[in-house]
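No experiment lies behind these values; they were computed from the predicted model shown. Any value given below was found using the heavy atoms of this structure, including those in side chains, with hydrogens, waters and symmetry copies removed. By convention in this document, chain letters (A, B, ...) are assigned in the order of the sequence lines, proteins followed by strands, and residues within each chain are numbered from 1.
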There are 2 protein chains.
Amino acid sequence: MTLNIGPRLRAVRKQNGLSQRELARRAGVTNATVSLIESNNINPSVGSLKRVLDGIPMGLSEFFAFEMPEDAEQKVFFPANELVEIGRGGISYRQVGVDLTGRALQILDERYGPGADTGKILLRHEGEEAAVVISGRLEVTVGDQVRTLGPGDAYQFDSRQPHRFRNVGEEPCRVISACTPPSF
Amino acid sequence: MTLNIGPRLRAVRKQNGLSQRELARRAGVTNATVSLIESNNINPSVGSLKRVLDGIPMGLSEFFAFEMPEDAEQKVFFPANELVEIGRGGISYRQVGVDLTGRALQILDERYGPGADTGKILLRHEGEEAAVVISGRLEVTVGDQVRTLGPGDAYQFDSRQPHRFRNVGEEPCRVISACTPPSF
DNA sequence: TAAGCGCGTTCACGATCCTGAACACTGTGC
DNA sequence: GCACAGTGTTCAGGATCGTGAACGCGCTTA
């Protein structure tokens with residue numbers, strides 16, 4: 001099971017203007033390793049591929065992002081009235097797109113009614129999330145930090161940290177948020 | 001260089017309700033291999049990890065989407081006046097956060113002046129991007145598709161497709177966008 | 001022409017992976 | 001109690017990886 005990652009590595013390396021030896025030196029491997037990988041003559045271990053990519057530098061996820069094309073093209077445009085409503089309990093999540101398989105990004109147009117709250121039991125999941133507050137006042141709890149955000153304010157954190165959202169204002173609160181990967 | 005991917009594989013496998021043997025059978029490897037990987041006792045080759053993930057199934061990119069942040073905690077809250085202005089040519093990109101290394105997500109609060117345009121030469125880069133239009137009218141070109149979006153409308157596409165944005169309205173246009181991975 | 005330097009490739013060998021088989025443990029049914 | 005089917009772990013050994021060193025080629029400079 002030797003994957004065809006050689007050309008991919010070669011392309012990435014050349015894009016960054018590195019020779020095999022220079023990349024090998026930065027990565028702490030031998031130039032032979034780089035050569036063998038690029039020519040698909042070996043099936044590198046995850047660890048050694050990671051070391052090589054560190055020399056670029058590039059993450060494994062980014063490196064493998066090219067293996068997506070599997071299925072054909074996906075929907076691109078989403079009119080406001082086609083956003084998928086997945087709200088519950090005073091909170092409305094309007095999701096861009098229905099089927100998120102194969103997507104690396106989930107965008108939500110969120111509306112919190114006055115007093116709406118994701119609950120005392122803090123949320124936790126894999127991935128990363130970020131958002132910008134459009135209107136209203138949102139109290140955001142992340143780990144042991146609490147902060148109230150207003151229009152134009154933003155947050156971003158690792159979703160494995162326990163978190164919670166609460167509309168502490170009198171009016172509805174609107175937030176545009178993004179998660180990666182889709183986990184809902 | 002044995003990476004700490006064992007727990008990650010174990011978590012993914014259990015999330016899908018599979019035993020080591022069942023996963024091994026689907027993947028075409030031995031249960032010993034799964035066990036050894038999960039306990040970090042070996043540094044698997046990329047090929048064998050791919051085979052194992054095929055049995056779930058899950059892509060390598062998705063699997064590596066949560067490379068451990070390595071360093072400690074990062075900034076979480078970003079007041080509106082601390083967003084980093086990286087605008088040019090009638091377009092203002094206000095970025096959430098300064099240093100994006102280690103982040104998997106880039107959130108921008110974008111403002112397009114009337115007539116602002118990302119240019120005739122279409123953009124292309126790795127990753128995926130998505131956004132929701134807050135106000136104004138934005139003409140979005142993706143591949144051979146063109147569409148004008150208004151408030152509440154959204155888009156999402158693979159950034160390797162050539163793309164372009166243009167404010168075709170009389171008033172300023174505001175968009176909240178997300179990209180993964182950060183590439184700017 | 002020849003020396004010098006950089007490039008990518010190839011080779012032999014020690015280190016490591018991956019397998020097939022056994023092992024120990026737990027829970028279920030009779 | 002015992003058999004049995006399920007779980008995850010451990011072990012010897014052939015297959016493969018990754019290294020250090022050599023090789024061949026093209027370019028620049030003297």
By the 4.0 Å heavy-atom rule, please label Ser35(B) as base, sugar-phosphate, or nothing.
base
Distance below 4.0 Å between Ser48(B) side-chain N/O and dC17(C) OP1 or OP2:
no
Return the polar atom pairs (N/O with N/O) between nucleotides 12-14 of chain C and the protein under 3.5 Å, or none.
none

Tell me, do Val132(B) and Val175(B) make a side-chain contact under 4.5 Å, heavy atoms counted?
no
Rounded to the nearest angstrom, tell me the gap between atom CZ in Arg51(B) and atom P in dC17(C).
17 Å
If you define the side chain from C-beta out and look only at heavy atoms, does anything of Arg10(A) sit under 4.5 Å from Gln20(A)?
yes
Report the distance from atom CD1 of Ile37(A) to atom P of dT9(C), rounded to the nearest whole Å.
12 Å
Decide whether Glu110(A) and Ser177(A) meet the rule of one side-chain donor and one side-chain acceptor closer than 3.5 Å.
yes
4.5 Å side-chain heavy-atom contact, Ile134(B) and Ile134(A)
yes
Round to the nearest Å and state the distance from Leu49(B) atom CG to dT16(C) atom C1'.
16 Å
List in numerical order all residues of residues 19-27 of chain B for which some heavy atom is under 4.0 Å away from an atom belonging to DNA chain C.
Arg21(B)
Let me know the distance between CD of Glu38(A) and C1' of dG8(C), rounded to the nearest Å.
9 Å
Which atoms form the tightest heavy-atom contact between Ser45(B) and Asn43(A), and what is the distance?
OG-ND2, 3.2 Å
Atom pair CG/CZ of Leu149(B) and Phe165(B) - distance to nearest 0.5 Å
9.5 Å
How is Thr33(A) classified with respect to the nucleic acid when contacts are heavy atoms under 4.0 Å: base, sugar-phosphate, or nothing?
base
Looking only at atom types and distance, does a side-chain atom of Arg8(B) sit under 3.5 Å from a main-chain N or O of Phe63(B), one as donor and one as acceptor?
yes
Could you state the CD1-C1' distance from Ile5(B) to dC17(C), rounded to the nearest angstrom?
13 Å
Span of DNA chain D engaged by chain B, first through last nucleotide within the 4.0 Å heavy-atom cut-off, is dT7(D) to dT10(D)
Asn43(A) CG to dT16(C) C1': how many Å, rounded?
13 Å
Nucleotide dC11(C), atom P - distance to CD1 of Ile42(A) in whole Å:
15 Å
Atom-to-atom span, CZ of Arg10(A) to P of dG8(C) - whole angstrom:
8 Å
Map Ala32(A) and Val34(B) onto DNA chain D by nearest heavy atom, then report which one ends up closer to the 5' terminus.
Val34(B)
Here the pair of heavy atoms bringing Gly136(B) nearest to Val133(B) is O-CG1, 3.8 Å
Do Val52(A) and Leu23(A) touch side chain to side chain, with heavy atoms closer than 4.5 Å?
yes
Cation-pi check, Arg166(A) onto Tyr112(A) ring (under 6.0 Å, within 45° of axis)
no
Could you report the tightest heavy-atom contact between Lys50(B) and Leu60(B), atom names first, then the distance?
CD-CD1, 3.9 Å
Cut-off 3.5 Å, side chains only: do Asn4(B) and Asn40(B) have a donor facing an acceptor?
yes
